[in-house]
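Input: a single structure, listed below in structure tokens.
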Amino acid sequence: MRKFNEYKKLNLPNVAKQVLEQWEANNIFEQSVSIREGKQPFVFFEGPPSANGLPGIHHVMARAIKDIFCRYKTLKGYQVNRKAGWDTHGLPVELGVEKELGITKEDIGKKISVEEYNNACKEAVMRYTDVWNNLTRQMGYWVDMDDPYITYENKYIESVWWLLGQLFQKGLMYKGYTIQPYSPKAGTGLSSHELNQPGCYKDVKDTSCVAQFKSPLTPEGGMENSISKAFKLDKTTDSVLASPPPSWELEGAFFLAWTTTPWTLPSNTALAVGLKIDYVLVKTYNQYTFTPVYLVLAKNLVGKQFSKPYFESTSNEDFSTYKAGDKTIPFKIIAECKGSDLIGIQYEQLLPYAQPYVVASSVGNPPPSGELEGAAFRVIPGDFVTTEDGTGIVHIAPTFGADDAKVAKEAGVPAMLVLDENDNPVPLVDLQGKFRPEMGEFAGKYVKNEYYNEGEAPEKSVDVEIAIKLKEENKAFRVEKYEHSYPHCWRTDKPILYYPLDSWFIKTTAVKERMIALNKTINWKPESTGTGRFGNWLENLNDWNLSRSRYWGIPIPIWMTEDKMEIICIDSVELLKSEIEKSIAAGYMTENPLADFVVGDMSKANYEKFDLHKNYVDNIVLIAASGKPMKRETDLIDVWFDSGSMPTAQLHYPFENKDLIDKQKLGIADFIAEGVDQTRGWFFTLHAIATMVFDHVAYKNVVSNGLVLDKNGQKMSKRLGNAVDPFETLDKYGPDATRWYMITNAQPWDNLKFDVEGIVEVQRKFFGTLYNTYSFFALYANLDNFTYAEAEVPIANRPEIDRWIISKLNSLIKAVENAYETYEPTKAGRAIQEFVNDHLSNWYVRLCRRRFWKGDYSEDKIAAYQTLYTCLEVVAQLSSPIAPFYADLLYSDLSKVSGKGNTTSVHLSNFPTVNESVIDTDLEQRMNIAQQVSSMVLSLRKKEQIKVRQPLQKLMIPILNPTFKRQLQEVADLILSEVNVKEIEYLEDTSGVLVKSIKPNFKTLGPKYGKIMKQIAALVTQFNQNDIQEFEKNSGVEINVEGQQVMLDSNDVEIITQDIPGWLVQTEGGLTVALDISISQELKEEGIAREFVNRIQNLRKDSGFEVNDKIAVKILQHNEINDAITKNKNYICTETLATQLDLVNELNEGVTVDFDNDLSTLITIKKLN
RNA sequence: AGUCCUAUAGCUCAGUUGGUUAGAGCGCUACACUGAUAAUGUAGAGGUCCGCAGUUCAAAUCUGCGUGGGACUACCA
């Protein structure tokens, strides 16, 4: 006979270990994929982690989410292939290696060859793969780790090159410049990541300067835009305008603009203002030259700029008596306008050392011809302009500021670029950080004193010299030291420059609209990330800067001639090989590094004969059509492009698996999931590449999960020491409880405050209860030899409570299925746990206990076993995506005995189907009534201190409608046995003894009566018993509120019973229950009998008897109990399996038992055989 | 600085289209049960629904402005 496994106790970590062994011994994961061969695929993409670092607890979270839906879809019959992947390139890898080897970037190519360096990176990056694989195994994340995609492998790189080739052919790649952080001493650009290293931003004191940019009040030639027009100046505006004193410089005014980097002023080509900001025109004198001036600045900043020595004055006297050198200087606001009025006004170049060359030539993106003469040196709008500090007018030097470049480009203002010796456009500062020859007396000087070698720096920095020059020329309004935080190069410790650097760009802006449109078809979880964070990101899309000046990454596969006229993008190894052949023929190369590569041979061995990394491809010189040599563009690509390429690159598309992508659409994921921090990372690069190359989405459903914080809501970090070790957690609590906790505690997209106490709770509350329920089932099923061999007892033949739990179960299947389908794992888990704890364990099992251990192996008993079995089986299946180990144990323990379902593993079974016909909402409703009534009766008993063991005669329930009565009748037995009462009396509403209360229904009345709602409510609440009776008789009433007739019908109010005079009553919601607490002699004796049953049962247990052992009982007689025992002898015997029960006169041995009312006696029990 | 998320009991979280006693679990207190027993049940205490303003007959719920927490992006003349 097969028996259900019974356990001594629940040990979840051990369960996981055991089940894991089973999985591995029987290749369950492989089977779960292979048994669905030929079925519809469910496409999942694994976002590649970097094996460079160790996994944290948040990886358990992220991977649990991925795992859940892949397992769920497998249960639903889909084939779910999941290929693991490794992200292997990138700066963190390089930095780690440099730290380990004790070198810096400068040493590459000197102390260490690029080849050695790259090999070190390759080795380092896969260092922790074992740890990762272990985590994956232990947490039960099913992903194919035997055949992962690895981004540094040649096949992968070849696919990436192919994608780049597609973009190139579509004209979506171009070379241009962008303003990037640049370290002149290190001679390299810096990534924002490098800039965000701790300590990079330092507080420094710089010479800041508010410069005066001169603009004629009314320019000659009658320019449309002018200061006088903007401020609507005429002779009435100011007395000075009406009759200017001879010294007053009237022909112009000045824009004030502040800068902390005066060395950028010679490169100024525009001034930016905020369109909505208020500006004023101020009359005053320059504090350095004492010249009278008109100045333009933001109204809000007048106070800040005109601090001492200035004072505000409206008196003409102050102005006419002012003379050079006075300690105080008067100023007066004479007109006001909006920023928008200033747009387009031209001004004189501040420091005219050079004129802007038109625009940098850019490969693939020729400059718009016919640059406007005089497009520079005018006022343009800038949405970033604030009145926080400065003047509300921002000096724009497009060559040295990212924002500057952006607004200048938008306004059509050229950057200050000049042509160098080779006719290449360059900024006024060279790559060493020195001024170019055009800069006159400043030529050859470093723009920052920090760039000079030790001891060589001049006394006055360029900033100071420029400030002095401006002061002398009446071009400086204010010069002072200013302390602010400024980024420094983390290697040289010198301040960085923002500097235009050449880069390759992908023209994502060209497909912006398409990306927005496609994004609208993606199901984002949560939706707001898709419309908000991601959507906004797309709306404000910039071109994708692809270049990285690094060593360890995928090289840009572009070769160019020196004159940049001829260019080739290599999109396959085959093409590279043949191009090299041509080059060899022309004598540019001597041998072909790809000589051994066999075109068309996709074997691993063939692809390991060469290397596509920088150290190899940089040596390759190709030949252009004209016969000129072509060299590779030296940059690598952004590693985000690596990972965004994975849908096709993981399959080596299009060189292999072409059909899988083209025909079976395996290049489009049904589902992906990563942290919300990937929104602009992986989620974006996948979307961008798919849109640009294939014109379709890369994924249909995406879950972006939040962070895992510590229990105090702080971010976990090694530094703070609050990081949770995932292995320790899994070892201690087991993967099931950990996963269940993470999934049910917070929605995946909310941040999780991770607290191990929560796991303990889940362990005890959910798994403990489920385990207990199973143990209970197994204990009695084994005693009765139940193996689910009998035919299914028809649902209709099963008792009310069985039909109820089956109805609940099917409602649960429906809810859980819906939750999984909509990527809401939290809802699924919570629904399951509510079912298990509240319905199955706390109601069904509790109420049915007797059915399992009492009586013969009848149909009722079989029905009970079948029902409980089914519930457990289905719960195991529904939970298996979240708690894959325990669910599998539970399911297998059941199915191995019964032979039902898949007897190997829950993960090979089919998701349960809902049986709508057994969902009975009326039944669920009336069980709800039963639960409520029981709870109320128990509450009453408690108030009166009457134990549940003491039977009571009756309870009374007022019946207000026939449906309620029927529902109550059908669950009456359940209630009576649960609360140990003999009968229910239904109080029909004819007696008039019921005290009722009436409550207005705001939901129906509100819309109808609006404003007089409050008065109606007040009136209705004051109805007395007569009014209510009257209302019920006529099923409505008409009342008068503030002169308005108001018709109330029965839907507009709720009438409930409140009291039954003379009885002990409890009211809750609409339900009222009265309890008869008088205890007759008979009831009392029955109560005593039950007490005895209880004591005897305890004794049985203490004596270690088996549950089905027969016993003989002896009780020392006692006047208070003799009748109770003799009258209920039969009852006591059946309950306790006693075949003999004797009241004896004397008992020398035995156990003393006490009862409430100070009486005690002795009992002995003996096992019989 | 911008964008997005978030704020409900001591803690972790629910709370339907706005509808009048705001719920659950844990924890705490008291009690009960004792053939699920290292389990279980019942009851009690515990709330400025972050603040302010608005819309409405009615706001935890909708709108606006703030504050705290978090993320991402950018970076300041």
Side-chain angles (χ1 to χ4, degrees), chain A residues 9 192 195 201 208 257-261 264 272 382-386 388-397 401-404 484-485 487 498 526 528-529 531-537 540 675-681 706-707 709 711 713-715 744-747 749-753 755 757-758 760-761 764-765 768-769 771-773 775-777 779-780 826 830 833-834 837-838 841-842 845-846 849-850 852-854 935 938-939 941-943 945 947-949 999-1007 1009-1017 1069 1094 1097-1098 1100-1101 1105 1107 1135-1137:
Chain A
K9 63 183 263 214
S192 59
L195 228 49
Y201 279 83
S208 79
W258 180 53
T259 180
T260 54
T261 52
T264 61
D383 53 13
F384 55 86
V385 179
T386 66
E388 298 278 302
D389 44 24
T391 63
I393 302 175
V394 177
H395 142 64
I396 297 294
D403 269 343
D404 304 37
H484 63 147
S485 103
Y498 288 93
S528 59
T529 302
T531 53
R533 189 184 283 196
F534 196 66
N536 289 339
W537 169 253
N540 300 314
V676 68
D677 53 336
Q678 293 296 334
T679 309
R680 279 140 173 156
L707 300 176
L709 308 170
K711 63 179 176 181
Q714 296 296 308
K715 205 175 167 178
T744 55
N745 188 65
Q747 302 260 52
W749 33 89
D750 288 336
N751 290 343
L752 172 69
K753 289 181 193 161
D755 186 356
E757 290 300 316
V760 174
E761 190 181 323
R764 214 182 50 231
K765 199 80 196 155
T769 306
Y771 161 80
N772 272 327
T773 308
S775 302
F776 173 84
F777 167 82
L779 174 67
Y780 293 108
T826 309
R830 285 177 178 170
Q833 103 194 346
E834 188 196 341
N837 290 338
D838 298 349
S841 168
N842 187 27
V845 172
R846 202 154 55 80
R849 269 167 16 200
R850 287 177 75 85
F852 290 91
W853 52 265
K854 188 92 183 143
S935 149
L938 291 171
S939 167
R941 294 188 85 115
K942 174 155 169 62
K943 263 183 212 145
Q945 308 259 30
K947 292 181 169 184
V948 180
R949 265 202 296 268
K999 212 169 72 173
N1001 182 350
F1002 285 83
K1003 208 165 180 172
T1004 62
L1005 288 172
Y1009 298 108
K1011 283 197 194 299
I1012 54 169
M1013 190 61 226
K1014 270 185 183 143
Q1015 288 88 323
I1016 297 175
N1094 163 244
Q1097 300 287 33
N1098 284 349
R1100 283 185 61 115
K1101 210 173 150 215
F1105 296 173
V1107 292
E1135 286 298 310
T1136 60
L1137 298 184

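Residue numbers start from 1 in every chain, and the chains themselves are labelled A, B, ... in the order their sequence lines are given, proteins ahead of strands. Note that the coordinates shown come from a computational prediction; the quantities given were computed from them, not determined experimentally.
- Residue Asn745(A) places at least one side-chain N or O under 4.0 Å from the OP1 or OP2 atom of C13(B).
- Looking at Ser841(A), its side chain comes within 3.5 Å of the base of A36(B) through a donor and an acceptor atom.
- Taking atom CG of residue Leu752(A) and atom P of nucleotide A71(B), one finds them 15 Å apart after rounding to whole Å.
- Rounded to the nearest Å, the gap between the P atom of A24(B) and that of G70(B) is 31 Å.
- The phosphate of U12(B) (OP1 or OP2) has a side-chain N or O of Lys753(A) nearer than 4.0 angstrom.
- Base pairing analysis places U37(B) opposite nothing; no Watson-Crick or G-U wobble pair with both distances below 3.5 Å involves it.
- Note: CZ (Arg846(A)) to P (U42(B)) measures 6 Å, nearest angstrom.
- C4(B) atom C1' lies 12 Å from atom CG of Asn751(A), rounded to whole Å.
- Contact annotation: Lys9(A) side-chain N/O to A38(B) OP1/OP2 distance is not under 4.0 Å.
- Judged by Watson-Crick or G-U wobble contacts below 3.5 Å, the nucleotide C72(B) has G2(B) as its partner.
- Side-chain contact between Tyr780(A) and Ser775(A) is absent, with no heavy-atom pair separated by less than 4.5 Å.
- Computed from coordinates, the Asn1094(A) CG to A32(B) P distance equals 13 Å when rounded to whole Å.
- In this structure, the side chain of Arg830(A) engages the main chain of Asn745(A) through a donor-acceptor pair within 3.5 Å.
- Distance Phe776(A) CZ to A38(B) P: 16 Å, rounded to the nearest Å.
- No side-chain heavy atom of Val676(A) sits less than 4.5 Å from a side-chain heavy atom of Trp749(A).
- Side-chain contact between Leu752(A) and Asp750(A) is absent, with no heavy atoms from C-beta onward closer than 4.5 Å.
- At a cut-off of 3.5 angstrom, counting only N and O atoms as typed in the model, there is no donor on one side facing an acceptor on the other between the side-chain of Lys1003(A) and the base of U20(B).
- The pairing partner recorded for U67(B) is A7(B), the criterion being a Watson-Crick or G-U wobble arrangement whose two distances lie under 3.5 angstrom.
- Ile1012(A) has its CD1 atom 17 Å from the P atom of U56(B), to the nearest Å.
- In this model, the phosphate group of A36(B) is not approached by any side-chain N or O of Tyr771(A) to a distance below 4.0 Å at OP1 or OP2.
- Across Arg846(A) and Asn842(A), no two heavy atoms sit closer than the pair NE-O, 2.7 Å.
- The CD-P distance, from Gln747(A) to U12(B), rounds to 16 Å in whole Å.
- A straight line from CG of Asp838(A) to C1' of C26(B) spans 14 Å, rounded to a whole angstrom.
- Distances shown here put a side-chain N or O of Arg764(A) below 4.0 Å from the OP1 or OP2 atom of G27(B).
- With a cut-off of 3.5 Å on both Watson-Crick or G-U wobble distances, the partner of C28(B) is given as G44(B).
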